[in-house]
Amino acid sequence: MKKSENTTDTTATNASRRDFLAKAAVVGTVTIAPGVLLHQAARAATAEVEVEVVEVIELDAEPDKNTSRSTRPLDQEVSDKNRWGMLIDTNKCARGCTSCVDACNEANGLEGKTGPQDTQYIRKVTLKSKSTGHETSLPLMCQHCESAPCVDVCPTGASFIRADGIALVDRHICIGCRYCMMACPYKARSFVHEDIKNQKLSAPRGKGTVEACNLCVTRVDHGGLPACVEACTAENHNAMIFGDLKDPNSPISIELRKYGGKQLRSDLALNTGVRYQGLNE
Amino acid sequence: MSKIEYTSVQGKSPAYFGLLGTLGLFILAGLLAAYYMEHHGHHVTGMTNQIVWGLPHVFAIFLIVSASGALNVASIASVFSKKIYEPMARLSALLAVSLLAGGLVVLLLDLGRPDRLIIAMTHYNFKSIFAWNIILYSGFFVFVGAYLWTMMDHTVYGYKKYAGFFAFIWRLILTTGTGAIFGFLVARSTYDAAILAPMFVIMSFAYGLAIFILLLMATYKWTNMELGDAVLRRLRSLLGVFVAAVMYFTIVFHLTNIYETQHHGAEKFILLEGGIYTTVFWIGEIIIGGILPLLMIFAPGLKDNRNSLGLISAMVILGGLSKVYVTVIGGQAYPLEIFPGYEVSSSFYDGMTYSYSPSLPEFLLGLGGVAVALFLVVFALKALKFLPMSLSDKAVDPHAK
Ligand code: SF4
Ligand code: SF4
């Protein structure tokens with residue numbers, strides 16, 4: 001598939017490393033194939049991976065039990081067997097904490113400026129209920145919609161949803177019309193208004209094109225976690241869970257099954273990959 | 001009816017070249033502005049991640065919408081067989097393609113990556129109304145071009161009726177498509193209305209005709225050719241009907257929004273609390289673009305007063321620009337309602353009204369598009385025979401009293 005190549009091509013890993021990663025993951029998957037142990041073993045496999053790619057994407061060395069990760073070998077096509085998503089517990093999200101935002105900026109080479117023309121992949125939003133006065137805070141980013149308005153309106157097909165549910169922009173065919181920004185219900189996207197200096201190899205950006213949270217697709221492909229999730233966990237807030245919505249045994253699925261989760265603007269029926277808990281007026 | 005004689009403008013006078021030159025300068029300024037915006041990025045414009053479509057879109061959409069309406073005179077002549085409009089059909093079609101070209105230039109040059117035009121032409125996402133519009137616009141050139149050809153070349157004259165009919169259908173689809181660009185933005189309460197697309201069609205009638213009237217009067221004045229009251233009287237009352245229709249749709253549009261609870265916030269914003277947008281709405285769109293022109297069109301004392309008709313047309317155009325401004329910019333300035341029932345704040349300007357101050361380059365780019373359209377018209381009037389020798393009362397309607 002052309003599109004998945006596009007994204008992995010830009011990840012700045014060299015061939016031999018990729019080969020190794022592939023083997024490591026294959027070995028991992030084969031050894032642990034039988035059911036219940038899958039996640040732990042996958043994590044073991046990625047633990048090895050992390051040593052290898054540490055200069056490139058700096059994965060967290062300590063996987064936690066709240067998440068599931070990709071075990072797909074990198075030379076294998078992205079498939080719809082997985083759907084990556086996130087669950088955010090707003091009750092655990094600490095007001096004033098911006099660890100997720102900082103980590104995202106760091107991981108994607110964003111400067112963290114907050115002027116009206118500056119890019120923000122993820123932002124902290126403070127909510128105050130009009131009826132009860134209760135205050136909540138939560139991180140908001142691209143919701144990785146299944147029926148994504150950005151994809152529907154994009155004239156060239158630059159906006160697309162990868163088979164595993166991650167919303168991406170192909171920077172090579174984005175013409176910068178910004179129709180996707182008009183269409184996104186969550187204001188998730190930013191337009192690159194000026195030349196970019198010091199960009200990261202693992203997170204290519206370009207003046208005149210549109211960008212947004214890509215669920216840290218490179219890290220995820222390497223068996224890692226989105227930087228925001230990792231940072232939130234490291235701070236011990238544990239407000240964000242990442243994982244496979246299609247795997248009934250993944251922590252995110254279990255949690256959703258037990259306690260449910262809300263889609264923002266659920267009236268639009270977009271089937272978002274990011275869900276929220278604790279949003280009761 | 002006697003055969004209509006057409007002519008071209010001589011185009012040898014200093015005034016003609018002066019006009020072309022002035023328009024050329026505006027085009028140049030627009031191109032330089034576009035280059036400046038591309039070189040530095042949209043950083044140098046007033047556009048932001050909140051107001052993502054700015055003044056260039058206002059101009060582009062206005063020109064594209066007007067383009068379709070400018071074809072009205074031709075359509076009425078060929079599709080509805082109204083003889084009095086027949087001599088002006090060529091000019092009407094010429095103005096239509098020229099306005100569309102001007103609008104598209106602006107749209108293209110405002111892209112983040114105008115250098116990727118080829119990609120836009122080769123990668124189609126058929127779910128996207130934007131991609132469809134690219135096809136609609138190209139088709140418009142083809143259909144109206146063919147129509148012009150049947151009008152000007154007597155060997156294919158027999159196909160004129162069909163060509164005119166297809167051009168007519170096509171332009172209705174085209175304007176609906178332009179309106180639908182906003183209709184698809186369901187997440188924005190300011191655009192979430194089915195009436196938007198038909199309203200765009202009506203808007204196109206009014207703005208296109210206003211521009212046509214100005215062009216007609218200016219051309220016949222500057223070339224010292226005869227333009228009788230009969231034609232202008234018709235055009236004047238036609239404009240009155242269109243302006244009234246726009247007003248009607250505008251009222252229905254806002255009343256529907258007032259009726260629907262989830263649009264209350266957005267509606268209150270435009271009508272009452274939107275600051276500059278509220279001002280532009282009431283003064284520009286309603287008073288200058290609607291009430292005053294209507295009063296003047298039907299004022300008995302001004303019946304055959306050409307200056308007043310010129311003024312009316314200019315006001316309709318100004319009102320049209322205001323309406324598009326309120327729709328495009330005002331519609332974005334009102335914050336997205338992601339969390340109903342909450343007061344919202346963030347570093348990304350959630351929950352607040354966004355401000356926008358257009359920059360000079362944006363304005364110049366927009367004017368450049370207007371200049372492109374006019375340049376094409378002025379140039380073509382010399383190159384080919386678009387103008388009927390006379391539009392005197394006797395020439396257009398021998399039975400007139
Ligand atoms: S949140 Fe916005 S940018 Fe992300 S997939 Fe949905 S529509 Fe697209
Ligand atoms: S800005 Fe780029 S990604 Fe967005 S709709 Fe336009 S071409 Fe598609």
Side-chain angles (χ1 to χ4, degrees), chain A residues 98 101 114-120 122-131 134-138 140 149 151-160 172-179 181-187 189-195 206-210 264-265 267-268 270 279 281, chain B residues 38 40-45 47-53 107-108 110-117 119-120 122-134 181-182 184-188 191 262 331-332 335-351 354-356:
Chain A
T98 55
V101 179
T114 56
Q117 292 183 326
D118 294 317
T119 291
Q120 297 187 39
I122 180 172
R123 59 200 193 253
K124 278 294 294 284
V125 178
T126 310
L127 302 177
K128 187 170 173 204
S129 163
K130 283 181 193 158
S131 55
H134 178 67
E135 281 205 23
T136 328
S137 99
L138 54 82
L140 183 62
V151 175
D152 286 348
V153 301
C154 176
T156 63
S159 287
F160 67 103
H172 299 289
I173 56 173
C174 171
I175 55 173
C177 69
R178 319 189 285 288
Y179 196 17
M181 300 176 74
M182 292 289 284
C184 173
Y186 309 101
K187 204 166 165 284
R189 297 196 154 186
S190 296
F191 181 65
V192 183
H193 284 81
E194 48 189 328
D195 274 317
K207 179 178 80 179
T209 62
V210 162
L264 302 181
R265 287 298 309 263
D267 56 315
L268 298 172
L270 306 176
L279 275 185
E281 287 173 40
Chain B
E38 285 336 311
H40 293 276
H42 277 58
H43 172 60
V44 296
T45 72
M47 289 176 253
T48 61
N49 286 327
Q50 286 68 45
I51 306 286
V52 303
W53 286 353
L107 207 58
L108 172 72
D110 181 54
L111 290 180
R113 298 292 306 259
D115 52 313
R116 290 184 174 167
L117 176 62
I119 292 180
T122 51
H123 288 64
Y124 281 115
N125 166 21
F126 285 103
K127 263 191 112 174
S128 168
I129 184 76
F130 233 43
W132 279 104
N133 274 318
I134 297 175
I181 288 178
F182 296 96
F184 271 78
L185 303 175
V186 289
R188 294 186 185 259
Y191 297 137
Q262 71 267 34
Q332 296 174 80
L336 282 168
E337 287 163 298
I338 309 172
F339 304 97
Y342 290 96
E343 279 166 30
V344 186
S345 62
S346 80
S347 63
F348 205 47
Y349 309 90
D350 286 289
Y354 313 125
S355 62
Y356 166 71

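Note that these values count all heavy atoms, side chains included, but never hydrogens, waters or copies made by symmetry. Reminder, nothing fancy here: chain letters follow the sequence lines and each chain counts from 1.
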**Complete:** Counting heavy-atom pairs under 4.5 angstrom with chain B, the leader among A:P149, A:G115, A:C184 is A:G115
**Request:** Check each atom of B:D110 against the heavy atoms of chain A and say whether the ones under 4.5 Å are side chain, backbone, both or neither.
**Result:** both
**Fill in**
Under 4.5 Å to a heavy atom of chain B? For A:D118 that would be backbone
**Item:** Check: A:R265 side chain, A:Y186 main-chain N or O, donor-acceptor pair, under 3.5 Å
**Value:** no
**Asked** Are the side chain of B:N125 and the backbone of A:V153 linked by a donor-acceptor contact shorter than 3.5 Å?
**Response** no
**Request:** Heavy atoms only, distances under 4.5 angstrom: which of A:D152, A:D267, A:V125, A:L140 has the most pairs with chain B? Name it, please.
**Result:** A:D152
**Asked** Hey, does the side chain of B:Y349 reach the backbone of B:Y354 with a donor-acceptor pair shorter than 3.5 angstrom?
**Response** no
**Request:** Indicate the ring-plane relationship of B:F130 and B:W53, choosing parallel, tilted or perpendicular according to the 30° and 60° boundaries.
**Result:** parallel
**Prompt:** Side chain, backbone, both or neither: which part of A:I175 has a heavy atom under 4.5 Å from chain B?
**Reply:** both
**Prompt:** A:T156 side chain to A:I173 main-chain N or O, any donor-acceptor pair under 3.5 Å?
**Reply:** yes
**Item:** Part of A:V192 lying under 4.5 Å from any heavy atom of chain B
**Value:** neither
**Prompt:** Listed by chain and number, what are the side-chain contact (heavy atoms from CB on, under 4.5 Å) partners of B:T48, not counting sequence neighbours?
**Reply:** A:P116, A:Q117, B:Q50, B:I51
**B:F339 versus chain A, the contacting section by heavy-atom distance below 4.5 Å** = side chain
**Message:** Treating B:Y342 as the side-chain partner and A:T136 as the backbone partner, does any N or O pair qualify as donor plus acceptor under 3.5 Å?
**Reply:** no
**Request:** May I ask you to name which of B:L107, B:D350, B:N133 has the most heavy-atom pairs under 4.5 Å with chain A?
**Result:** B:D350
**Part of B:L336 within contact of chain A (heavy atom distance under 4.5 Å)** = side chain
**Message:** Between A:L127, A:T98, A:L264, who has the most heavy-atom pairs with chain B when the cutoff is under 4.5 Å?
**Reply:** A:L127
**Asked** Which one of A:R178, A:E194, A:K207 has the most heavy-atom pairs closer than 4.5 Å to chain B?
**Response** A:R178
**Asked** Contact part of A:L270 toward chain B, heavy-atom cut-off under 4.5 Å: side chain, backbone, both or neither?
**Response** neither
**Asked** Tell me, side chain or backbone of A:L138 under 4.5 Å from chain B's heavy atoms, or both, or neither?
**Response** side chain
**Request:** List the steps, then state whether side chain to side chain contact (heavy atoms under 4.5 Å, CB included) holds for B:F348 with A:T114.
**Result:** CA-CA 7 Å; B:F348 205 47; A:T114 56; over 6 Å; no
**Message:** Heavy-atom pairs under 4.5 Å with chain B: which of A:S190, A:S137, A:G206 has the most?
**Reply:** A:S190
**Item:** B:F126 versus chain A, the contacting section by heavy-atom distance below 4.5 Å
**Value:** neither
**Complete:** Ranked by heavy-atom pairs below 4.5 Å to chain A, first place among B:S345, B:G41, B:S355 goes to B:S345
**Message:** Please check this pair: side chain of A:Y179 against backbone of B:I181, looking for a donor-acceptor N/O pair closer than 3.5 Å.
**Reply:** yes
**Asked** For the candidates B:S128, B:A187, B:G331, B:A131, which exhibits the highest count of non-hydrogen atom pairs separated by less than 4.5 Å from chain A?
**Response** B:S128
**Message:** Report which part of A:L268 has an atom under 4.5 Å of a heavy atom belonging to chain B: side chain, backbone, both, or neither.
**Reply:** side chain
**Request:** Determine yes or no for a side-chain-to-main-chain donor-acceptor pair under 3.5 angstrom, with A:Q120 supplying the side chain and B:S347 the backbone.
**Result:** yes
**Asked** Contact part of A:K124 toward chain B, heavy-atom cut-off under 4.5 Å: side chain, backbone, both or neither?
**Response** backbone
**Asked** For A:M182 and B:Y191, what are the C-alpha separation, side-chain angles and deciding distance, and is it a side chain to side chain contact (heavy atoms under 4.5 Å, CB included)?
**Response** CA-CA 11 Å; A:M182 292 289 284; B:Y191 297 137; 3.9 Å; yes
**Message:** Distance check, rounded to the nearest 0.5 Å: B:H123 atom NE2 versus A:C174 atom SG?
**Reply:** 12.0 Å
